[in-house]
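Accompanying notes for the structure given below.
Computation of the quantities below employed the complete heavy-atom set of this structure, encompassing side-chain atoms and omitting hydrogens, waters and symmetry-equivalent molecules. All residue numbers in this chain count up from 1 along the given sequence. Each ligand, and each atom within it, is numbered from 1 in the order the structure gives.
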Amino acid sequence: MTRTGGCRCGSIRYTLAAEPLATRLCWCRDCQYWALGNAAVNIMVPRAAVTVAGTPRHFDSQADSGNRMRRSFCADCGTQLFSESSGNLANMVIRVGTLDDASGITPTVVIWTASAPAWAHIDPALQAFPAQPG
Ligand SMILES: [Zn+2]
Ligand SMILES: [Zn+2]
């Protein structure tokens, strides 16, 4: 099934032509910025299955692992769209909130629970990792 999505203002659009490899909630400190204090909801997808129209801006940083992280966002409306790691060039992450229809997407894993605030509800039905899974 092909999914479509984009940023809030429509300057950046994308097509995803593969099923997600994983659907994860992420409580890492970085995601708490992008997700405004909550966990981010992310799908890992094959990079080759994603086609982007428009030109996102990037923010590059270094992860605890030493990998270079690139987060892509719309410079017009600020929507966070993608993240990519130098440690996983075959795949990339899409922020689930940018899908036109995310109704078929259900998280099965939660990561970086050790960074979550005390009020966070960690669903016991999810496979949980205190930090980045190996
Ligand atoms: Zn936009
Ligand atoms: Zn994260």
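Counting heavy atoms of neighbouring residues, nucleotides and ligands inside a 6.0 Å radius, atom CZ of Arg47 exceeds 12 of them.
Counting only protein N, O or S atoms closer than 2.8 Å to the Zn ion (ligand 1) gives 4. Screening the protein for N, O or S atoms under 2.8 Å from the Zn ion (ligand 2) yields 3; no waters enter the count.
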Tabulate below the donor-acceptor pairs under 3.5 Å that side-chain atoms of residues 87-97 make, not counting sequence neighbours, or state none.
from  : atom 1 : to    : atom 2 : distance (Å)
Asn88 : OD1    : Asn91 : N      : 3.4
Asn88 : OD1    : Asn91 : ND2    : 3.3
Arg95 : NH1    : Asn42 : OD1    : 2.8

Scan the side chains in residues 126-134 for donor-acceptor partners under 3.5 Å anywhere in the protein, sequence neighbours excluded, and list what turns up.
from   : atom 1 : to     : atom 2 : distance (Å)
Gln132 : OE1    : Trp112 : NE1    : 2.9

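Here the two rings, on Phe73 and Phe82, have centers that are 6.0 Å apart or farther.
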Review point. Asp101 and Arg3: side-chain contact (heavy atoms from CB on, under 4.5 Å), yes or no, with the steps?
Key: CA-CA 8 Å; Asp101 179 5; Arg3 292 183 168 88; over 6 Å; no
Practice item. Take Ser61 and Arg71, measure what side-chain hydrogen bond (donor to acceptor under 3.5 Å, both in side chains) needs, and give me the verdict at the end. Key: CA-CA 8 Å; Ser61 64; Arg71 271 87 175 199; 3.3 Å; yes
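Taking the ring centre of Phe59 as origin, the terminal cationic atom of Arg57 falls outside the region bounded by 6.0 Å and 45° from the ring axis.
Residues Leu99 and Ile105 form a side-chain contact, since some pair of their non-hydrogen atoms from C-beta on lies under 4.5 Å apart. Counting heavy atoms from C-beta on, the side chains of Glu84 and Met69 never come closer than 4.5 Å.
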